[in-house]
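Take a look at the structure set out below.
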Amino acid sequence: MTIIDVPEDLRAPVTLAQKMLIGGEWVDAVSGETLDVFNPSTGQVLSTQSAGGPAEVDRAVAAARAALTGPWSQVTPMQRGRMLTKLAELVEQNSEQLAQLESLDVGMPMMEARYIDLPFSIDILHYYAGWPTKITGDTIPVSFPHNFGGPYHAYTRREPVGVVAAIIPWNLPVMMAVKKLAPALATGNTMVIKPAEQTPLAIARLAELVLEAGIPEGVVNYVTGLGETAGVALVEHPDVNKVTFTGSVDTGKAIARAATGNLKRVSLELGGKSPHIIFDDADLESAVFAAGMAIFGGAGESCIAGSRLYVQRGAYETVLEGIAARANSIKVGPGLDDSSEMGPLISAEHREKVLSYMDLGRQDGRVVAGGGTAGEGGYFVEPTVLTDLDPTSRVLREEIFGPVLSVVPFDTEEEVTALANDTDFGLGAGVWTKDVGRVHRMAAAIESGQVWVNCYQPVDAALPFGGYKQSGWGRETCKENLDEYLELKTVVVQL
Ligand code: NAI
Ligand code: MG
């Protein structure tokens with residue numbers, strides 16, 4: 001199987017990603033079928049991946065089950081932690097190569113791969129590497145002995161939930177995979193990872209590093225394929241105990257429904273339409289800079305994109321001008337080109353979707369910057385700023401997942417709180433003000449999993465990340481996340 005137009009030193013991992021890792025062996029789909037892998041910076045096919053389906057999912061789930069009850073059950077908590085540390089070190093040693101693979105596959109600028117995707121993935125692995133030795137039950141004093149005999153000794157055990165299916169999106173593949181792999185393994189589970197069909201490359205290399213870290217074969221399996229075949233087979237599988245998913249709301253709902261077959265546990269990290277609020281008294285220069293990063297970073301293909309910018313009337317003209325200037329100055333170009341500040345969108349199909357929202361913005365409001373395609377060959381669009389929108393416009397309600405910002409003026413704190421919360425989502429939110437009372441009133445009033453004040457989107461391996469409302473179920477990167485991968489068992493012993 002050929003690979004096309006791939007830098008010399010990335011050929012080995014790109015070739016590796018043509019196969020799947022099941023029970024420690026790199027295999028093709030039994031059907032022999034493949035899916036194309038595209039380079040979004042050129043629009044050309046660069047390689048293929050195996051089109052996995054129910055047959056491969058069955059084998060991978062069986063391998064994960066065998067590892068769970070076999071070799072993995074013999075690994076002590078301290079050893080599990082060391083293996084995760086080792087994996088963190090291997091990811092760090094290979095981070096430039098992984099960053100290049102991400103950039104090639106996703107189109108993300110090297111800057112983002114080098115300074116966000118990979119470093120954060122390494123931090124998450126280190127964070128969870130500390131947990132295995134600290135997962136404990138309780139000894140609980142009971143009050144029933146005088147009624148039922150006794151005395152009794154009662155305690156709880158926290159056990160792995162079992163075989164975990166992790167379904168990954170295409171925007172930050174390594175980071176999204178690590179956000180699921182690290183807690184799943186820290187808590188003693190085994191897993192099957194399915195990358196998005198758009199972006200298998202770096203996760204295949206990550207799976208190879210998992211083996212190199214000494215994690216037993218079958219603990220982490222890697223199956224490629226379409227959502228409607230491999231993805232559905234995983235979420236419907238009767239021997240999968242939990243699904244952890246990041247992606248669209250519609251797919252999240254489909255997964256929640258599919259999981260009812262055996263009532264598998266479900267965690268969902270879904271989309272957003274995050275409000276970013278600037279009051280008159282804010283440091284406007286910093287706020288405008290952050291507002292640009294919040295929507296144009298990652299080409300807006302981010303679940304926490306600050307896509308609704310609310311600006312208090314007195315600052316509205318200044319902010320609108322500043323953000324339009326920022327949009328016009330961003331250098332759009334191929335991911336692997338070091339000078340690119342914003343890469344292409346993920347696919348031709350997705351670009352059509354984003355362009356249709358730009359047209360809708362033109363119809364329902366006014367385009368202040370951008371509004372169309374950019375560059376040549378790849379799936380590029382312009383950083384876009386819209387304003388004067390009809391308040392009922394779908395542009396203000398639906399997740400666009402592209403570099404399209406809507407700017408809306410407001411007068412009062414009460415008004416902007418209502419506007420911010422008038423959404424089906426609740427993932428991120430930003431507030432810029434110097435008024436300390438208002439900081440805490442707004443932080444309490446906004447219905448979302450994260451509120452950033454005088455900053456936007458700093459995330460950390462130790463801070464809970466997740467959403468209110470239709471932004472999902474559960475929280476990642478935090479101690480509470482461990483419970484989503486653990487069963488709690490009560491043991492009562494009559495002494
Ligand atoms: P998607 O949610 O359909 O795909 C994400 C993952 O789910 C992929 O691995 C895919 O193969 C898998 N999948 C799809 N259908 C499935 C099913 N029925 N059962 C099991 N797995 C399934 O997202 P898609 O279609 O790539 O993008 C559509 C929109 O989703 C984007 O425009 C964006 O708004 C949103 N999105 C949000 C992300 C986030 O980080 N919250 C990430 C990716 C997309
Ligand atoms: Mg889809």
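We count ligands from 1, going down the list as the structure has it; atoms in each ligand are counted the same way.
- Here the shortest heavy-atom distance to atom 3 (O) of ligand 1, taken over T251, N171, I193, V249, belongs to T251.
- Both the backbone and the side chain of V232 come within 4.0 Å of ligand 1, judged by heavy-atom distances.
- Not a single heavy atom of E301 sits closer than 4.0 Å to an atom of ligand 1.
- With contacts defined as side-chain heavy-atom distances shorter than 4.5 Å, the pair S406/Y310 does not qualify.
- Interface atoms of ligand 1 facing E399, defined by a heavy-atom separation under 4.0 Å, are 33 (C), 34 (O), 35 (C).
- Considering backbone and side-chain N/O atoms, P169 never comes within less than 3.5 Å of an N/O atom of ligand 1.
- Ligand-side atoms of ligand 1 in range of H350: 32 (O), range being under 4.0 angstrom from any heavy atom.
- For the pair E197 and ligand 1, the shortest N or O to N or O distance falls below 3.5 Å.
- Between D424 and K469 there is no salt bridge, since none of the side-chain N atoms of the basic residue sits less than 4.0 Å from a carboxylate O of the acidic one.
- In this structure, a donor-acceptor pair under 3.5 Å is absent between the side chains of D460 and Y127.
- Residue contact check: P195 has heavy atoms under 4.0 Å from atoms 9 (O) of ligand 1.
- Salt bridge E25/K19: absent, no basic N to carboxylate O contact under 4.0 Å.
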Check against ring pair (Phe, Tyr, Trp, His ring centres under 6.0 Å), Y379 and H350: CA-CA 9 Å; Y379 313 128; H350 187 54; over 10 Å; no
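- In the vicinity of I168, heavy-atom distances shorter than 4.0 Å reach the ligand 1 atoms 6 (C), 8 (C), 9 (O).
- Of the N or O atoms in K194, one or more lie within a sub-3.5 Å distance of an N or O in ligand 1.
- For the pair G225 and ligand 1, the shortest N or O to N or O distance does not fall below 3.5 Å.
- Taking 4.0 Å as the cut-off, G272 does not count as a neighbour of ligand 1 on heavy-atom distance.
- Per-residue contacts place A196 under 4.0 angstrom from the following atoms of ligand 1 (heavy atoms of the residue considered): 8 (C), 9 (O).
- Relative to atom 1 (P) of ligand 1, the option among P173, G247, S248, G402 with the closest non-hydrogen atom is S248.
- For ligand 1, the atoms closer than 4.0 angstrom to any heavy atom of C303 are 39 (C), 40 (O), 41 (N).
- Note on D338 versus R114: salt bridge recorded, some NZ/NE/NH1/NH2 to OD/OE distance being below 4.0 Å.
- By the 4.0 Å N-to-carboxylate-O rule, R362 lies close enough to D359 to be salt-bridged with it.
- In summary, E484 and R475 do not engage in a salt bridge, as defined by a charged side-chain N under 4.0 Å from a carboxylate O.
- Between F245 and ligand 1, no N or O atom pair is found at a separation short of 3.5 Å.
- Residue-level proximity to ligand 1 for A258 is absent, since no heavy atom of it falls below 4.0 angstrom.
- Contacts of L234 with ligand 1, taken as heavy-atom pairs under 4.0 Å, are absent altogether.
- Residue-level proximity to ligand 1 for L270 is carried by the backbone, the only part with a heavy atom below 4.0 angstrom.
- The number of heavy-atom neighbours closer than 6.0 Å to CD of E480, taken from other residues, nucleotides and ligands shown, is above 12.
- Two residues are said to be in side-chain contact when any heavy atoms from C-beta on lie closer than 4.5 Å; L185 and M191 meet this criterion.
- Remark: D5 CG is loosely packed, at most 12 non-hydrogen atoms of other residues, nucleotides or ligands lying under 6.0 Å away.
- Shown in contact with I167 at under 4.0 Å from a heavy atom are these atoms of ligand 1, numbered in order with element: 6 (C), 7 (O), 9 (O), 12 (C), 20 (C), 21 (N).
- Between E208 and R205, at least one side-chain nitrogen of the basic residue sits less than 4.0 Å from a carboxylate oxygen of the acidic one, meeting the salt-bridge criterion.
- Checked against the 6.0 Å centroid criterion, the rings of W170 and F401 qualify as a close aromatic pair.
- Close contacts between ligand 1 and K353 involve ligand atoms 29 (C), 31 (C), 32 (O), 34 (O) [criterion: under 4.0 Å to a heavy atom].
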